[in-house]
> 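Attaching a single structure in structure tokens format; questions to follow.
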Amino acid sequence: MERRSFLKMSAAMGCAATVTGCNSGSSDVNVVPPKPPVGDEVQTWSSCLVNCGSNCPIKVFSRDGIITRIEADHETSDEYGNHQIRACARGRSLRSRTYAPDRLRTPMKRVGKRGEAKFVPISWDEAASTIASEIQRIASSYGNKSILKIYGTGAYYGFASSACFDRVLNLNGGFLQFYNNYSWAQQIDAAAATGFSSTSGSSLTALYDSDLFLGIGYNPSEMRQSGSGEGYDFLKALEANANLEVIMVDPRYTDSMAGKESQWLPIRPGTDAAFAEAIAYEMISSGWVDTHSKAFLDKYCVGFDKASLEKLVAEFTASGDPKKTQYLPYIDVEDNYRNYILGEGKFVDNGPRTPAWAAKICGISEANIKSVASKIMNAKAPFIVTGAAINRHANGEQAMRACYMLSFLTGKVGQSGVSNGALPYQGSLNRAGMSGGSNPVKESISCFMWSEAIERGHEMTARKDGLRGTADLDTPLGADTKAVFALNSNILINQHSDCNGTAKILEDDSKCELIVVCDCWMTPSARYADILLPDTTWLESNDLHKQRKYQCSTYLP
Ligand SMILES: Nc1nc2c(c(=O)[nH]1)N[C@H]1C(S)=C(S)[C@@H](COP(=O)(O)OP(=O)(O)OC[C@H]3O[C@@H](n4cnc5c(=O)[nH]c(N)nc54)[C@H](O)[C@@H]3O)O[C@H]1N2
Ligand SMILES: Nc1nc2c(c(=O)[nH]1)N[C@H]1C(S)=C(S)[C@@H](COP(=O)(O)OP(=O)(O)OC[C@H]3O[C@@H](n4cnc5c(=O)[nH]c(N)nc54)[C@H](O)[C@@H]3O)O[C@H]1N2
Ligand SMILES: [Mo]
């Protein structure tokens, strides 16, 4: 009901009441319509499902099906460890989000050129039958590998969630899948190459026993803000350990600092590898590694120096195991970390990774780099974390690996108060959902390759393009992407790289012939839809979620 008509109606009702009052006792009294009873306010539990991943529990109050207010959790007496899982501003504003006036309300189809955002409303029946006939046409003309559902993190529930559309597309013979994610792709591979998983660092409670924290692009107070996130755990650890020295390396001065840091080192974005390598140079060239951590490196690591690689070659050769001997031709004992950092052997032309060399690249002074290096060497229990921002740059994999090395160079990984360099454990509520069925198409492309797949999907292979699920590395996929489903995703234009280049690819509707977008709002990506579907938000849909008592127990460190 619009506010104006509401006011008119209440004015009319007020008048009626007055008239009734005047006529009380007369026989006309019953002509006044009875007021509809106002329902009681009821409270239900839901959770905030924005993709910080914390999934905070939320109390939703409503009356007659209309949300009246939102409250965050305050069910416990709030000792840390059994604390209230208070949502951040995003969780608390879910009522405004749900009732936002710019919500999409009806299915629409494109009438202008692709990207012009000229749409007309259509019925759900027309939307459904158009999508049905288009995916059948495209599958039979180009094959099911030409249909792709791209990455999207706006909703993990309900209509746009994987399950519903996966099911439809699977029943149509399947669709090309993607692997990996925009958040962590490079760091996942960098961590695997270093020997662990990218989110398997020590829990933040280990900070209680540490004397030095080095956060490189680490910002839990902004990325995991609520009571269930590491922002709070980080704060509590700093409170509990007053002796902890906190050094933050970030181009921005962030909420994770805000006076809590001992030192902020602003760095040029994308240059962390140079910073880390110069620290490694200090640790190795000073002889500190030889005296303090060489035994650890010899025992647990491979590739630090020539001797460790020679040992590996001898071991592989002696084993006679083809699974190992197949790698022998690729092992170059000169190609080792120590040579690389010191600029020796085959790396003479690179030169040594000195602080003077790095300072010019990363913008942190030589003196500050040397000081961080000596703090790491002198710390009893250094806790080093490299945040995922470092991986979201060109060559992010190598930058992550460079930073991860610092923890191993200390030789203290595994000791109390020390971490391995990876992100601390991130707790979150498990969400239940229905199954999308099984997909007959087994090939998958990297989540980032979808715009390439529109241009030259037919020639992509495992060897050249990282295609997965094919037996032969050189077998081409054989299909360009002809249909794209962007569900709860703003990746088409906003969140991918090279927006203008991507827009050009999408504008040509002879390349990708069908774009379906499902969102709650008109976004840059939604403008490129052929069929645009409005979605409910999660407070408007029924789903399976756990009760608070179960949710909270999953968060506790
Ligand atoms: N330039 C740049 N690009 C980036 C990043 C960056 O830092 N900088 N970060 C990368 C990372 S880590 C990620 S995870 C991705 C995120 O990229 P996306 O996965 O695209 O995430 P969002 O843009 O948060 O949300 C996607 C869409 O979901 C919609 N949405 C919200 N609620 C609902 C709902 O209930 N139903 C439906 N159907 N839609 C809904 C939103 O309106 C939004 O358009 O971006 C990546 N791209
Ligand atoms: N409030 C909020 N929280 C979120 C999200 C959100 O959209 N809003 N998105 C969620 C998602 S999907 C993800 S993947 C995570 C991402 O969370 P993070 O991976 O932590 O990503 P960012 O917040 O982009 O970056 C972390 C910090 O790194 C800094 N930084 C950026 N580039 C560099 C660099 O080159 N070097 C160094 N040293 N620092 C750098 C940034 O200034 C920032 O303070 O956050 C999640 N949480
Ligand atoms: Mo992300």
Side-chain angles (χ1 to χ4, degrees), residues 48-54 88-91 94 97-98 100 102-104 150-161 164-165 181-185 187 198-199 214-226 229-231 248-257 264-276 362-364 385-396 399-400 403 423 426 428 447-448 485-499 516-527 532-541 543:
C48 172
L49 298 182
V50 297
N51 185 35
C52 74
S54 300
C88 77
R90 288 180 296 178
L94 287 176
R97 189 182 196 269
T98 308
D102 56 348
R103 287 272 305 270
L104 295 174
I150 64 170
Y151 185 74
T153 65
Y156 289 98
Y157 49 86
F159 182 52
S161 68
C164 296
F165 276 92
N181 61 64
Y182 276 63
S183 313
W184 293 352
Q187 106 183 22
S198 66
T199 50
L214 174 64
I216 307 176
Y218 185 59
N219 188 1
S221 302
E222 287 177 28
M223 73 176 278
R224 308 270 292 184
Q225 300 181 358
S226 77
E230 295 84 62
M248 293 295 226
V249 182
D250 198 305
R252 297 163 49 238
Y253 190 74
T254 69
D255 287 357
S256 299
M257 301 177 217
W264 167 44
L265 297 173
I267 189 168
R268 289 195 187 109
T271 65
D272 299 86
F275 171 72
C362 70
I364 298 178
V385 173
T386 309
I390 312 306
N391 102 117
R392 254 175 260 118
H393 283 290
N395 296 319
M400 290 305 300
C403 296
L423 280 175
Q426 306 188 308
S428 77
C447 62
F448 201 75
F485 284 77
L487 315 168
N488 59 79
S489 165
N490 199 358
I491 294 285
L492 282 181
I493 294 292
N494 207 59
Q495 309 278 34
H496 195 50
S497 65
D498 188 12
C499 308
V516 177
V517 172
C518 176
D519 207 295
C520 304
W521 292 273
M522 179 60 80
T523 64
S525 297
R527 295 169 65 91
L532 177 53
L533 303 173
D535 198 6
T536 51
T537 64
W538 63 85
L539 293 191
E540 297 158 310
S541 47
D543 214 328

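Whatever order the structure lists them in is the order used to number ligands and atoms, beginning at 1.
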> Is there a heavy atom of Thr536 sitting under 4.0 angstrom from any atom of ligand 1?
yes
> What about Ile267: any of its N or O atoms under 3.5 Å from an N or O on ligand 2?
no
> Using 0.5 Å steps for rounding, measure from the CH2 atom of Trp538 to the CG atom of Leu94.
5.5 Å
> Counting each atom of ligand 1 from 1 as listed, which ones have a heavy atom of Trp521 under 4.0 Å away?
31 (C), 32 (N), 42 (O)
> Would you say Arg97 touches ligand 1, if touching means a heavy atom closer than 4.0 Å?
yes
> Checking Tyr218 against Thr386 for the side-chain contact (heavy atoms from CB on, under 4.5 Å) test, could you report, in this order, the C-alpha distance in whole Å, the side-chain angles of both residues, the deciding distance, and whether it holds?
CA-CA 6 Å; Tyr218 185 59; Thr386 309; over 6 Å; no
> Quick one: does ligand 1 sit under 4.0 Å from the side chain of Asp519, the backbone, both or neither, non-hydrogen atoms only?
both
> Among all protein heavy atoms in this structure, tell me which lies nearest to atom 5 (C) of ligand 2, with the distance rounded to 0.1 Å.
Arg90 NH1, 4.2 Å
> Any idea which protein heavy atom is nearest atom 35 (O) of ligand 2, and the distance to it?
Gly270 N, 2.7 Å
> side-chain contact (heavy atoms from CB on, under 4.5 Å) for Met400 and Trp184? Distances and angles first, verdict last.
CA-CA 11 Å; Met400 290 305 300; Trp184 293 352; over 6 Å; no
> Protein non-hydrogen atoms only, distance under 4.0 Å: does atom 23 (O) of ligand 2 have such a neighbour?
no
> On the 0 to 90° scale, with breaks at 30° and 60°, tag the Phe485-Phe165 ring pair as parallel, tilted or perpendicular.
tilted
> I need the atoms of ligand 2 closer than 4.0 Å to a non-hydrogen atom of Pro269, numbered in the order shown.
34 (C), 35 (O)
> Out of all atoms in ligand 2, which are within 4.0 Å of some heavy atom of Ala388? Include the element for each.
19 (O)
> Between Ala526, Ser183, Ala155, Gly152, flag the one that comes closest to atom 12 (S) of ligand 1 by a heavy atom.
Ser183
> Quick one: does ligand 2 sit under 4.0 Å from the side chain of Asn51, the backbone, both or neither, non-hydrogen atoms only?
both
> How many angstroms lie between CG in Asp519 and CG in Leu533, if you round to the nearest 0.5 Å?
10.5 Å
> Against heavy atoms of Pro251, which atoms of ligand 2 measure under 4.0 Å?
30 (N), 33 (C), 37 (C), 39 (N), 40 (C)
> Does Gln225 have a non-hydrogen atom less than 4.0 Å from ligand 2?
yes
> Would you check whether Gly387 reaches within less than 4.0 Å of ligand 2, judged by its heavy atoms?
no
> Distance under 4.0 Å to a non-hydrogen atom of Thr254: what atoms of ligand 2 satisfy this?
44 (O)
> What atoms of ligand 1 come closer than 4.0 angstrom to any heavy atom of Ile491?
17 (O), 20 (O)
> Between His496 and Phe448, does a side-chain contact (heavy atoms from CB on, under 4.5 Å) hold up when you go through it step by step?
CA-CA 8 Å; His496 195 50; Phe448 201 75; 3.7 Å; yes
> Working to the nearest 0.5 angstrom, can you tell me the gap between Ser221 OG and Met257 CE?
10.0 Å
> What do you reckon, does Val249 have a nitrogen or oxygen under 3.5 Å from a nitrogen or oxygen of ligand 2?
yes
> Looking only at non-hydrogen atoms, which of Thr153, Leu487, Val50, Asn391 approaches atom 16 (C) of ligand 1 most closely?
Thr153
> Atom CG in Asn391, atom SG in Cys403: separation rounded to 0.5 Å?
11.0 Å
> Could you see which bit of Thr523 sits under 4.0 Å from ligand 1, with heavy atoms only: side chain, backbone, both or neither?
side chain
> N/O to N/O below 3.5 Å, does that happen between Tyr218 and ligand 2?
no
> For atom 36 (N) of ligand 2, find the nearest protein heavy atom and state the residue, atom name and distance (0.1 Å precision).
Asp272 OD1, 2.7 Å
> Numbering the atoms of ligand 2 from 1, which are under 4.0 Å from a heavy atom of Cys52?
4 (C), 10 (C), 46 (C), 47 (N)
> Nearest heavy atom to atom 19 (O) of ligand 2 wins, so pick from His393, Arg392, Met223, Glu222.
Arg392
> Would you say Asp250 and ligand 2 have an N/O pair spaced under 3.5 Å apart?
yes
> Mark up the atoms of ligand 1 that fall under 4.0 Å of a heavy atom belonging to Ser489, in ascending order.
20 (O), 26 (C), 27 (C), 28 (O)
> With heavy atoms of Thr537 as the reference, note each atom of ligand 1 found under 4.0 Å away.
35 (O)
> Does ligand 2 come near enough to Trp184 that some N or O of the ligand is less than 3.5 Å from an N or O of the residue?
no
> Out of all atoms in ligand 2, which are within 4.0 Å of some heavy atom of Ile390? Include the element for each.
34 (C), 36 (N), 37 (C), 38 (N), 39 (N)
> Say you draw a straight line from OG1 of Thr271 to CG of Asn395; how long is it, rounded to the nearest 0.5 Å?
12.5 Å
> Which residue supplies the protein heavy atom nearest to atom 28 (O) of ligand 2, what is that atom called, and how far is it?
Ala389 CB, 3.2 Å
> For Met223 and Cys52: C-alpha separation, side-chain torsions, deciding distance, then whether side-chain contact (heavy atoms from CB on, under 4.5 Å) applies.
CA-CA 6 Å; Met223 73 176 278; Cys52 74; over 6 Å; no
> Taking side-chain contact (heavy atoms from CB on, under 4.5 Å) as the criterion, tell me which of Leu492, Asn488, Asn494 meets it with Asn490.
Asn494
